[in-house]
Amino acid sequence: SAVISQKPSRDICQRGTSLTIQCQVDSQVTMMFWYRQQPGQSLTLIATANQGSEATYESGFVIDKFPISRPNLTFSTLTVSNLSPEDSSIYLCSVGGGRTDTQYFGPGTRLTVL
Amino acid sequence: AQSVTQLDSHVSVSEGTPVLLRCNYSSSYSPSLFWYVQHPNKGLQLLLKYTSAATLVKGINGFEAEFKKSETSFHLTKPSAHMSDAAEYFCVVSELFVGQGGKLIFGQGTELSVKP
């Protein structure tokens, strides 16, 4: 399985600002995914990020609020823009794909918005 | 569309007793199914996966799950609970993309407590 790191591990941000989360993988992967886990909730897919193409967003998530970059096969960023307290969540990236569909997750970024 | 229902939001067992975490799924075809575990303030760890091979799947840390198509179930079991098993468990189904990996659909999670 891939080794995945995320930065920052946690942050506290002010309302109206933005936070960019980095996801780094130790091997080249085709597909990277970004998930949100709201307090006490399950995980919800935000978007799928493929290298060299625009990210594909799930219903309820838009590019203006959650812009994603995928500059190469080992790295991706998720920005959460115009923060509000409702954005307080854990954000996780995952990698995977292929016939087995197995995804491996990063440790997550815990965001608190004041 | 695929969906996953975890039948218990919280399960409490005594150390050394069996664990049963229940999961039902809905899928229009034979799905890929997973169990992930999330310990407090930790990331998600893959426990086991079913991908249309043997219906009884063995995972890490003594966990196993049985795929029952007739019951659309994928329950997670362990013969003897350990204190370190206390965590949140997620049953997950994969929605396949053609030629690529799958979008994961997560259940709502089951919190497992283990009493000494």
Side-chain angles (χ1 to χ4, degrees), chain A residues 1-7 9-10 21 23-25 29-53 55-61 73 89-112, chain B residues 1-10 21 23 25 27 29-54 57 59-60 67 74 87-111:
Chain A
S1 63
V3 176
I4 307 162
S5 60
Q6 286 186 233
K7 291 181 181 180
S9 59
R10 59 179 61 227
I21 303 167
C23 179
Q24 179 76 52
V25 190
V29 293
T30 303
M31 303 184 75
M32 298 181 77
F33 305 85
W34 286 98
Y35 290 82
R36 180 177 72 182
Q37 186 177 24
Q38 295 177 298
Q41 302 292 316
S42 187
L43 280 76
T44 301
L45 180 64
I46 297 171
T48 302
N50 292 335
Q51 194 267 338
S53 63
T56 302
Y57 289 83
E58 297 299 307
S59 176
F61 297 96
L73 291 174
S89 298
I90 300 172
Y91 293 86
L92 301 100
C93 69
S94 74
V95 303
R99 297 177 59 83
T100 64
D101 309 318
T102 303
Q103 290 184 24
Y104 298 95
F105 286 80
T109 296
R110 184 180 295 272
L111 169 62
T112 302
Chain B
Q2 282 85 334
S3 66
V4 175
T5 302
Q6 292 183 242
L7 300 174
D8 306 292
S9 59
H10 186 257
L21 305 183
C23 173
Y25 69 91
S27 176
Y29 53 85
S30 184
S32 294
L33 292 160
F34 308 83
W35 278 96
Y36 284 87
V37 61
Q38 186 177 38
H39 287 93
N41 300 311
K42 296 287 183 63
L44 283 162
Q45 182 181 21
L46 178 68
L47 273 180
L48 51 80
K49 63 182 179 184
Y50 166 78
T51 54
S52 73
V57 182
I60 61 171
F67 174 73
F74 190 57
E88 187 85 15
Y89 291 79
F90 294 98
C91 183
V92 181
V93 65
S94 174
E95 185 176 287
L96 282 172
F97 296 145
V98 175
Q100 296 287 347
K103 168 185 173 180
L104 297 184
I105 310 297
F106 280 76
Q108 287 304 303
T110 298
E111 182 182 359

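Naming convention: chains lettered A, B, ... in sequence-line order (proteins, then strands); numbering from 1 in each chain.
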Residue B:Leu44 versus chain A: region with a heavy atom under 4.5 Å: both
When rounded to the nearest 0.5 angstrom, what is the spacing between OG in A:Ser94 and CG in B:Leu104? 6.5 Å
When rounded to the nearest 0.5 angstrom, what is the spacing between CZ in A:Phe105 and OH in B:Tyr36? 5.0 Å
If you count heavy-atom pairs within less than 4.5 Å of chain A, which of B:Gln45, B:Glu88, B:Gln38 leads? B:Gln38
Honestly, the part of A:Gln6 sitting under 4.5 Å from a heavy atom of chain B is neither
Heavy-atom pair of closest approach, residues B:Phe90 and A:Gln41: CZ-O, 4.4 Å
Are any side-chain N or O atoms of A:Ser42 and backbone N or O atoms of B:Gly109, one a donor and one an acceptor, separated by less than 3.5 Å? no
Between atom CG of A:Leu43 and atom CD1 of B:Ile105, what is the distance when rounded to the nearest 0.5 Å? 11.5 Å
